[in-house]
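Written out below as structure tokens is the structure these notes cover.
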Amino acid sequence: MKIQTPPGMRDFYPDDMRLQNWLFTHWRQVSLTHGFEEYEAPIFEFLDLYRLKSGDEIVSEVFSFEDRGGRNFAIRPEMTPSLARMVAARANALPRPIKWFSLPRMCRAERPQRGRLREFFQWNADVLGPEDALADAEVIAVVVAFLRAVGLGPDDVAVRVNHRRVAAAALQTLGVPADGVVAAFGLIDKIERMPADKFAAAWNDLPFASACGVDAVRGFLGEATLERCLDLAAQSGEDGAAQAEQFTQLWRQLEAFGVAGMCTFDLRIVRGLAYYTGSVFEAHPKQGGLRALCGGGRYDDLTGLLDGPRVPGVGFGMGDVPVLEFLRELDRLPSPERTLDAFVIDADADLFARALELVGHLRAAGLRVDFSYKRTGVGKQFKQATQRGARHAIVLGDELKDRNEVVIKDLVSGTQRTIDWDAFCADPKLD
RNA sequence: GUGGGUGUAGCUCAGCUGGCUAGAGCACCAGGUUGUGGUCCUGGGGGUCGCGGGUUCGAAUCCCGUCACUCACCCCA
């Protein structure tokens, strides 16, 4: 009976794993250089944890199961609820600001399609505690630093930034009632994926369409500059003015971090979730029909649903699938090679025991070293060394028998030298 | 859940107006090569042509069904 890889899931053969690790290394490296600390959580949680945040609809979109005690669990479809649970449990003991990141593997029970699988990895980074726009700016700076690290510049990607409260205040000045903002956002979120006539029809179905028509909204979304939007928001009242000031600060900080060149103001980015309460952003490829590479924003209270103290925060998630897919499309995926520091070759089968002895020395010194399982000719062993991506070949032959020396060949430059066995074992330097 | 496309070797594919034992390139293994690699030459392993049924003397090829994969829609934390 033939059993294949489950749908929407991936096998990572060593060739694939090198690429995956290349991505993880950048994710981790960028996080660490920005002062974030790594955390991890269980691969599955109580199903109720996700119900609290997302409601009952979530149940059909997660892989869930019941244990022998009748308790319901779900394989994590996102990291934020676990983060909330962990932070709530120690909210008063954790030093602030809480700057945490994670590279969790997660699953969603969806039908797989391009850029979207049932199992994937998603880099999460969050700053919890401060309400200052500085935190929002730093989180965006982390995203930009990653994009730059993998070779993506302003011609390839734009980080589109908006602010839900500012946009809401501006919409209200245009005539949208306060209780209609959520519905308006829901539609605006889809405007780029919807044909113009469908959008117009849907907008005109909204109860307040007479107060703020579809043309007014289109003009607003398409042309409003940051200044005009801030101005409209300020006119809506005291709160709008305060939010506009926050958003102004955010842009100032993005400049200070040196990442404003990758960022654009975009009113269409509102993020569907009601969960976001302040800044919102997404990184979008400039060419190709691909989805957003990442999305995030500010939320007022991470732990509120879990009966924890109020903890405001800002963060984002970035999936491995769309990022790798985009880089592949641009033909900018690296192809990391297999690597070894050295490959030990025995020119004479009598010396095989000595070869293993040397392999042991080098490995104990922390070098990545391998050798051939078969006692074949020197030529074949060199071929294996090359195939394995070895940087150096170390040959044990007549030199060892006659003068107690080994030959070290640099397989990149092709040069070789001899060195005394005892000196080399005492201090195994290859270069 | 709805609709389109595609199924031949590990990968990319050819063969498809029915007809020798189903092929190529890449990859893999072995040898050429008993002290020097990446290129070269020779050979080898690997496929119930997704699966089931039908038509036929004969099906990878034609017909029906089915399954899988894939793209899009829904959803998107």
Side-chain angles (χ1 to χ4, degrees), chain A residues 1-9 11 13 15-16 45 49-55 57-62 74 76-84 104 106-118 120 122 124 186 189-190 193-195 198 271-276 280 282 289-292 294-297 299 302 315-319 321-322 325 337-338 340 343 345-351 372 374-402 406-416 418:
Chain A
M1 182 171 186
K2 188 180 175 183
I3 301 201
Q4 52 190 13
T5 314
M9 307 214 155
D11 293 316
Y13 288 85
D15 282 350
D16 311 308
E45 295 269 7
L49 180 65
Y50 304 108
R51 267 215 190 92
L52 278 177
K53 184 191 167 214
S54 307
E57 319 82 72
I58 197 73
V59 175
S60 63
E61 291 161 26
V62 298
R76 62 187 176 194
E78 58 168 327
M79 198 58 167
T80 306
S82 300
L83 174 64
M106 42 195 53
C107 292
R108 296 179 184 173
E110 298 177 294
R111 183 163 293 198
Q113 53 188 279
R114 183 172 185 207
R116 207 168 154 198
L117 301 173
R118 296 181 117 181
F120 55 94
Q122 189 191 59
N124 280 248
D189 184 47
K190 293 180 181 153
R193 289 166 290 185
M194 254 174 140
K198 273 202 165 175
R271 309 282 296 157
L273 294 317
Y275 162 75
Y276 289 110
V280 281
E282 293 177 357
L290 283 170
R291 301 152 40 79
C294 79
Y299 37 86
L302 181 71
F316 69 88
M318 179 185 291
V321 181
E325 186 67 28
E337 305 284 321
R338 311 169 82 182
L340 278 179
F343 196 90
I345 293 170
D346 59 307
D348 184 332
D350 293 346
L351 293 170
S372 175
K374 293 198 306 185
R375 312 283 39 87
T376 59
V378 173
K380 279 280 187 270
Q381 292 186 64
F382 264 96
K383 192 170 243 170
Q384 278 186 59
T386 303
Q387 264 184 338
R388 294 296 311 279
R391 182 66 217 272
H392 302 272
I394 301 175
V395 183
L396 274 50
D398 291 339
E399 299 86 348
L400 187 63
K401 289 179 174 170
D402 301 342
V406 299
V407 177
I408 300 176
K409 179 166 183 176
D410 182 321
L411 291 174
V412 175
S413 68
T415 59
Q416 64 180 45
T418 59

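Note that the coordinates shown come from a computational prediction; the quantities given were computed from them, not determined experimentally. Below, chains carry the letters A, B, ... as their sequence lines are ordered, and counting in each starts from 1.
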Distances for protein N/O vs nucleotides 67-69 of chain B N/O pairs under 3.5 angstrom?
| residue | atom | partner | partner atom | Å |
| --- | --- | --- | --- | --- |
| B:A68 | O3' | A:Q4 | NE2 | 3.2 |
| B:A68 | O2' | A:Q4 | NE2 | 3.4 |

Restricting to nitrogen or oxygen on both sides, can you table the protein-nucleotides 32-37 of chain B pairs closer than 3.5 Å?
| residue | atom | partner | partner atom | Å |
| --- | --- | --- | --- | --- |
| B:G35 | O6 | A:D398 | N | 2.0 |
| B:G35 | O6 | A:D398 | OD2 | 3.4 |
| B:G35 | O6 | A:E399 | OE1 | 3.2 |
| B:G35 | N1 | A:E399 | OE1 | 2.7 |
| B:G35 | N1 | A:E399 | OE2 | 2.9 |
| B:G35 | N2 | A:E399 | OE2 | 2.9 |
| B:U36 | O2 | A:K409 | NZ | 2.9 |
| B:U36 | N3 | A:Q416 | OE1 | 3.0 |
| B:U36 | O4 | A:Q416 | NE2 | 3.3 |
| B:G37 | O2' | A:T386 | OG1 | 3.1 |
| B:G37 | N7 | A:K409 | NZ | 3.4 |
| B:G37 | N1 | A:L411 | O | 2.5 |
| B:G37 | N2 | A:L411 | O | 2.7 |
| B:G37 | N3 | A:T386 | OG1 | 3.0 |

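Within the nucleic acid shown, A:I345 has no heavy atom closer than 4.0 Å to any nucleic acid atom.
Applying the salt bridge (charged side-chain N to carboxylate O under 4.0 Å, His left out) test to A:E78 and every residue at least two apart in sequence or in another chain returns A:K53. For A:E399, the salt bridge (charged side-chain N to carboxylate O under 4.0 Å, His left out) criterion is met by no residue, not counting sequence neighbours. Here A:A390 pairs with A:L340, A:F343, A:A385, A:L411 under the side-chain contact (heavy atoms from CB on, under 4.5 Å) rule; sequence neighbours left out. Here A:R116 pairs with A:E110 under the salt bridge (charged side-chain N to carboxylate O under 4.0 Å, His left out) rule; sequence neighbours left out. The side-chain contact (heavy atoms from CB on, under 4.5 Å) test applied to A:T418 returns A:E405, A:V407, not counting sequence neighbours. With sequence neighbours left out, A:F316 forms a ring-ring contact (aromatic ring centres under 6.0 Å, His included) with A:W123. For A:D15, the salt bridge (charged side-chain N to carboxylate O under 4.0 Å, His left out) partners two or more places apart in sequence, or in a different chain, are A:R18. With sequence neighbours excluded, the residues forming a ring-ring contact (aromatic ring centres under 6.0 Å, His included) with A:Y299 are A:Y275, listed by chain and number.
When the C1' atom of B:G10 is taken as reference, atom CG of A:D15 falls 12 Å away, rounded to whole Å. A:F120 places its CZ atom 11 Å from the P atom of B:A77, with the value rounded to the nearest Å. As rounded to whole Å, 19 Å separates atom P of B:A77 from atom CZ of A:R118. The OH atom of A:Y50 sits 16 Å away from the C1' atom of B:C76 (whole-angstrom rounding). Atom CG of A:D11 and atom C1' of B:G10 are 12 Å apart (whole Å). Atom P of nucleotide B:G38 and atom CD of A:Q381 are separated by 14 Å, given to the nearest angstrom. The separation between A:R116 atom CZ and B:C73 atom P is 9 Å, rounded to whole Å. Rounded to whole angstrom, the span from the CZ atom of A:R76 across to the C1' atom of B:A77 amounts to 14 Å.
If you take atom P in B:G18 and the same atom in B:C63, they sit 11 Å apart, rounded to whole Å. Taking atom C1' on both nucleotides, B:A14 is separated from B:U55 by 27 Å, rounded to a whole Å. With both ends at atom C1', the span from B:G46 to B:U8 equals 14 Å, rounded to whole Å. Nucleotides B:A9 and B:A60 are separated by 14 Å at their C1' atoms, to the nearest Å. Atom C1' of B:A59 sits at a distance of 11 Å from the matching atom of B:G54, rounded to the whole Å. If you take atom C1' in B:A24 and the same atom in B:U34, they sit 36 Å apart, rounded to whole Å.
Under 3.5 Å, the side chain of A:R108 and the base of B:C76 form no donor-acceptor pair of N or O atoms.
How far CZ of A:R291 is from CD of A:E325: 11.5 Å, rounded to the nearest 0.5 Å. Rounding to the nearest 0.5 Å places CZ of A:R108 at 8.0 Å from CD1 of A:I58. One finds the CG atom of A:D346 at 8.0 Å from the OG1 atom of A:T376 (value rounded to the nearest 0.5 Å). Remark: A:I345 CD1 to A:Q384 CD distance equals 8.5 Å, nearest 0.5 Å.
The side chain of A:R271 contributes an N or O atom lying less than 4.0 Å from OP1 or OP2 of B:A77.
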Please, what dot-bracket string fits RNA chain B when only Watson-Crick and G-U pairs with both distances under 3.5 Å count, crossing ones use [ ] and pairs to another strand use |?
(((((((..((((.....[...)))).(((((.......))))).....(((((..]....))))))))))))....
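Take the nearest nucleotide of RNA chain B for A:R111 and for A:K374: the residue whose nucleotide is more 5' is A:R111.
Applying the salt bridge (charged side-chain N to carboxylate O under 4.0 Å, His left out) test to every pair with at least one member in residues 383-398 of chain A, sequence neighbours left out, gives these pairs: A:D370-A:R388, A:R391-A:D410.
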